[in-house]
Amino acid sequence: MSKLALLGGAPLTQNIIAKSTLASHKQAEREYLLQAYDSGHWDDWPEQESMASRFEREWADFCDSKHCALLTNGTHTLQIALETLDIGAGDEVIVPGLTWQATASTVCDVNATPLLADVEPDTLCIDPVKIEAMITPQTRAIIPVHLYHRLADMDEITRIARQHNLAIIEDCAHAHGSQWNSKGVGTIGRFGSFSFQQSKLMTAGEGGSLLMQEEELYWKVVSQRSCGRGYHGFQVHSGNYRMTSFQAAVLRGQLLSLGANCQRIHRIGAALDKAIADAPGVAPLKRRDEITRQCSYAFVFLYDKNTYDGLDCQRFRQALSAELGIDFHTVYTPLSHSEVYYPHTKKRHQLSKEYVKAIDPKRWELPVADELWKNRAVLTTWHIFGCPQERISLLTDAISKIYDNRKDLLES
Ligand SMILES: Cc1ncc(COP(=O)(O)O)c(C=O)c1O
């Protein structure tokens, strides 16, 4: 019988994480929740002191941001950022082709056209070279996503944006607590958008926030999340995109945990990268020097099928999951053929034949994203950053074991 756990052998461990070393502040979350309840201020208004306004200040400080506005989720944050910048019909926005659908679908939701740029093969983030090649006179903005285990190249993207007078909206749904050149992500572009959905590094089940450095943008966002009410001379037609103070209460506790965990996530992430560098036929993602803190939503590395005599990447992921007792899978399906991105089919978007054609995802070729998705990327959730330091070598051991016994998998 094969030694490999996937083929009936003994696994290296039942669970590489064993007991997570990541801090959690559940008691603080409960206490804040009760305080929010007792206060009677369950909603979020800028003129009212509440759990929401307190979290807005704490979160802005933590991220080195001047302003923060809470919103319903990390989809509405992108939509409201676009609308605040007056981006809409006739405009184009460049987004990565490898991301969650919201990054692109919100562009359609404001009747603009998303241009899907391919990503860098060694960071999985939007490729600045591809951005530059796509810019037209209609292009108004770029939405770089700090995807999974790396940050987009913000120096280069900022240079391009300045040169072509484009706005940057950073999609930070995967990067709570990360820093670029020692500054919080989300403060480099005009807007930084965060999601607090259940799977994220900080969560209230659902929720979102926008960071911005210009006061005018802040009041425009506040107007838009509150049905277009006038604030400080700004009044923008909109709907209701407000979060409750109960969510903010949980998030205040979650922020205590992130504050305690972010250096550890950075350190264990680097140690996991090092373990990958020591294992056969796999490689860590490239880490730019400007990343001074990498607080990742997921851990990702790259697999090389040729070293494994052609063994399919999905089979490798399954074998690794079986050895280490946690799930390894692939990245998002590229948006050109994603199972959750088909904006051209929605009646709301049938504005003209040309527009429907322009937003059809199939018009885009994303060879790098496709190759990563099919053959290269191996991903597990951020919970792996709770792995005790002394157990990290199990990752190298598991990969070496699969490599040594690859013939069994190829013949099975
Ligand atoms: C990269 C990215 N952007 C935006 C979003 C949207 O956030 P939400 O689910 O809070 O609407 C997500 C959610 O998974 C995401 O991963």
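Just the heavy atoms: all of them, side chains too, but no hydrogens, waters or symmetry mates, feed the values below. Whatever order the structure lists them in is the order used to number ligands and atoms, beginning at 1.
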Between Glu156 and Pro128, which heavy-atom pair has the shortest distance, and what is it?
CG-CB, 3.5 Å
Taking only heavy atoms of [X] into account, list the atoms of ligand 1 that are under 4.0 Å away from them.
X: Tyr332; value: 16 (O)
X: Val145; value: 1 (C)
X: Gln197; value: 9 (O), 10 (O)

Which residue and atom name correspond to the protein heavy atom nearest [atom], and how close is it?
atom: atom 2 (C) of ligand 1; result: Ala173 CB, 3.4 Å
atom: atom 16 (O) of ligand 1; result: His174 NE2, 2.9 Å
atom: atom 5 (C) of ligand 1; result: Trp100 CD1, 3.6 Å
atom: atom 4 (C) of ligand 1; result: Asp171 OD2, 3.6 Å
atom: atom 11 (O) of ligand 1; result: Thr75 OG1, 2.5 Å

Salt bridge check: are Arg242 and Asp43 linked by an N-O gap of less than 4.0 Å?
no
Check whether any side-chain heavy atom of Lys346 lies under 4.5 Å from a side-chain heavy atom of Cys108, and answer yes or no.
no
Inspect the surroundings of CD in Glu365 and state if more than 12 heavy atoms from other residues, nucleotides or ligands are less than 6.0 Å away.
no
Looking at ligand 1, does any of its N/O atoms fall within less than 3.5 Å of an N/O of Gly74?
yes
Close N or O approach (Thr99, ligand 1; < 3.5 Å)
no
From CA spacing to verdict: side-chain contact (heavy atoms from CB on, under 4.5 Å), Lys66, Met212:
CA-CA 7 Å; Lys66 288 206 182 103; Met212 56 298 242; over 6 Å; no
Taking the six-membered ring for Trp, is the centroid-to-centroid distance between Tyr308 and Tyr303 below 6.0 Å?
yes
Classify the ring geometry of Trp59 against Phe55: parallel below 30°, tilted from 30° to 60°, perpendicular beyond 60°.
parallel
Angle class for the Phe196/His176 ring planes (parallel below 30°, perpendicular above 60°, tilted otherwise)?
tilted
Under a heavy-atom criterion of less than 4.0 Å, does Lys200 contact ligand 1?
yes
